[in-house]
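Okay, so here's the structure we're looking at.
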Amino acid sequence: MRQAQAGWIAGAAAAVLVAAGAVTYAVASDSGSPRVPAADSADAGFARDMAVHHQQAVEMSYIVRDRTRDEEVRRLAYDIAQTQANQRGMLLGWLDLWELPKVSAKPPMSWMGMGNAPSRGDGSLMPGMATDDELDRLGRLSGRDAEVYFLKLMTEHHRGGVHMAEGCVSACTVKVEKQLAQGMVEAQQSEIDLMADMLAERGAKAR
């Protein structure tokens, strides 16, 4: 069952990357089209914010790969890092194709009407993101303790990512970007379910 679930996740991740390529092609071929989003649009806001959100997931994944020898956790971390690094490249590539800035003067999540949402601490810029202190702690743990802490942090991170992707599904106007966001929702929710099982095997559960 676990292998089948992992295979589904890998397949979903591949589908997400194919959709991302479709977005790039569509934008590149319609560079003069009025469908190119504005700098303050949900499409641009999602691309900017999710690129930052993904970068932290990549960082967390590489931290835990150095803190445990458990092959299941290391494989999950590698899959997350590769998938989200590739998606991040696509998100930033779209902004280049749209000739839009990669940073905004507005607070993160403004495109979802959450620009004034309180932060949990330094480094936690958006829903689900870990604080700098939490990342430092992950880097100091090892073995089972590192595995459990990583799974808890990444579960929260994915929940925040799902929330953001659902926001794009509702508010983005570029059709293939909406499709990509929906793919993120499905793939990350499946990983949340997988991580719940992995936590249970270690006598723990998500926060």
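No experiment lies behind these values; they were computed from the predicted model shown. All residue numbers refer to positions in the sequence shown, counting from 1.
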Checklist entry - Do Glu147 and Arg144 sit within salt-bridge range, that is, some charged N less than 4.0 Å from a carboxylate O? => result no

Checklist outcome for this item: What one should report as the nearest heavy-atom pair of Leu100 and Ala38 is CD1-O, 3.9 Å

Next on the checklist: Tell me the closest heavy-atom pair linking Ala77 and Phe150, and the distance in Å.
Outcome noted: CB-CZ, 4.2 Å

Next on the checklist: Could you walk me through whether Ile80 and Met60 satisfy the side-chain contact (heavy atoms from CB on, under 4.5 Å) test, starting with their C-alpha distance in whole Å, then the side-chain angles of each, then the deciding distance to 0.1 Å, before giving a yes or no?
Outcome noted: CA-CA 10 Å; Ile80 290 172; Met60 284 197 294; over 6 Å; no

Item to check | Heavy-atom donor-acceptor pair, Lys178 side chain to Val169 backbone, under 3.5 Å | outcome: yes

Checklist entry - Under a 4.5 Å cut-off applied to non-hydrogen side-chain atoms, are Leu76 and Glu72 in contact? => result no

Checklist entry - Under the salt bridge (charged side-chain N to carboxylate O under 4.0 Å, His left out) criterion, do Asp96 and Lys102 qualify, and how do the steps go? => result CA-CA 8 Å; Asp96 282 337; Lys102 296 182 178 69; 2.4 Å; yes

Checklist entry - Has the side chain of Asp43 got a donor or acceptor atom that lies under 3.5 Å from a matching backbone atom of Val174? => result yes

Checklist entry - Going through the distances and angles, do His157 and His53 end up as a side-chain contact (heavy atoms from CB on, under 4.5 Å)? => result CA-CA 8 Å; His157 201 274; His53 204 270; 3.1 Å; yes

Checklist entry - Got a second to check how far Asp49's CG is from Ser110's OG, nearest 0.5 Å? => result 8.0 Å

Checklist entry - How long is the span from the CD1 atom in Ile192 to the CZ atom in Arg159, to the nearest 0.5 Å? => result 6.5 Å

Next on the checklist: Could you measure the distance from the CG atom of Leu151 to the NE2 atom of His158? Nearest 0.5 Å is fine.
Outcome noted: 10.5 Å

Item to check | Minimum side-chain heavy-atom gap Met126-Met112 below 4.5 Å | outcome: no

Next on the checklist: Test side-chain contact (heavy atoms from CB on, under 4.5 Å) on Val176 and Trp94; report intermediate values, then the result.
Outcome noted: CA-CA 12 Å; Val176 283; Trp94 304 341; over 6 Å; no

Checklist entry - Measuring from Gln188:CD to Met195:CE, what's the distance to the nearest 0.5 Å? => result 8.0 Å

Item to check | Non-hydrogen atoms of Ser124 and Thr131 that approach each other most closely | outcome: CB-CG2, 4.0 Å

Checklist entry - To the nearest 0.5 Å, how far apart are CE in Met184 and CD in Gln84? => result 7.5 Å

Checklist entry - Any cation-pi pair here, Arg137 with Tyr149, using under 6.0 Å and within 45°? => result yes

Checklist entry - Hey, does Arg202 have a side-chain heavy atom less than 4.5 Å from the side chain of Val73? => result yes

Next on the checklist: Ring-plane angle category for Trp111 and Phe46, please: parallel below 30°, perpendicular beyond 60°, tilted otherwise.
Outcome noted: perpendicular

Next on the checklist: Other residues, nucleotides and ligands only: do more than 12 of their heavy atoms fall within 6.0 Å of CZ on Arg207?
Outcome noted: yes

Item to check | Distance in Å, Met164 CE paired with Met50 CE, rounded so as to fall on 0.5 Å steps | outcome: 4.5 Å

Item to check | Contact check, side chains of Leu95 and Arg48, non-hydrogen atoms, under 4.5 Å | outcome: yes

Item to check | Sub-4.5 Å side-chain heavy-atom contact between Gln82 and Ser61 | outcome: no

Item to check | Closest non-hydrogen atom pair, Arg65 against Tyr78 | outcome: NH1-CB, 3.4 Å

Checklist entry - Which heavy atom of Leu135 sits nearest a heavy atom of Ala130, and at what distance? => result CD2-CB, 4.1 Å

Checklist entry - Which pair of non-hydrogen atoms, one from Ala51 and one from Leu92, has the smallest distance, and what is that distance? => result CB-CD2, 3.8 Å

Checklist entry - Going hydrophobic residue to hydrophobic residue with side-chain gaps under 4.5 angstrom, can you get from Val52 over to Val58? => result no

Checklist entry - In terms of hydrophobic clusters joined by side-chain contacts under 4.5 Å, are Met154 and Ile63 together? => result yes

Checklist entry - Could you walk me through whether Val36 and Glu99 pass the side-chain contact (heavy atoms from CB on, under 4.5 Å) check? => result CA-CA 9 Å; Val36 173; Glu99 299 183 351; over 6 Å; no

Checklist entry - Under 3.5 Å, side chain of Ser190 to main-chain N/O of Glu186, donor-acceptor pair present? => result no

Checklist entry - So do Glu134 and Glu156 actually touch side chain to side chain, heavy atoms under 4.5 Å? => result no

Item to check | Donor-acceptor contact below 3.5 Å, side chain Thr83 vs main chain Asp79 | outcome: yes

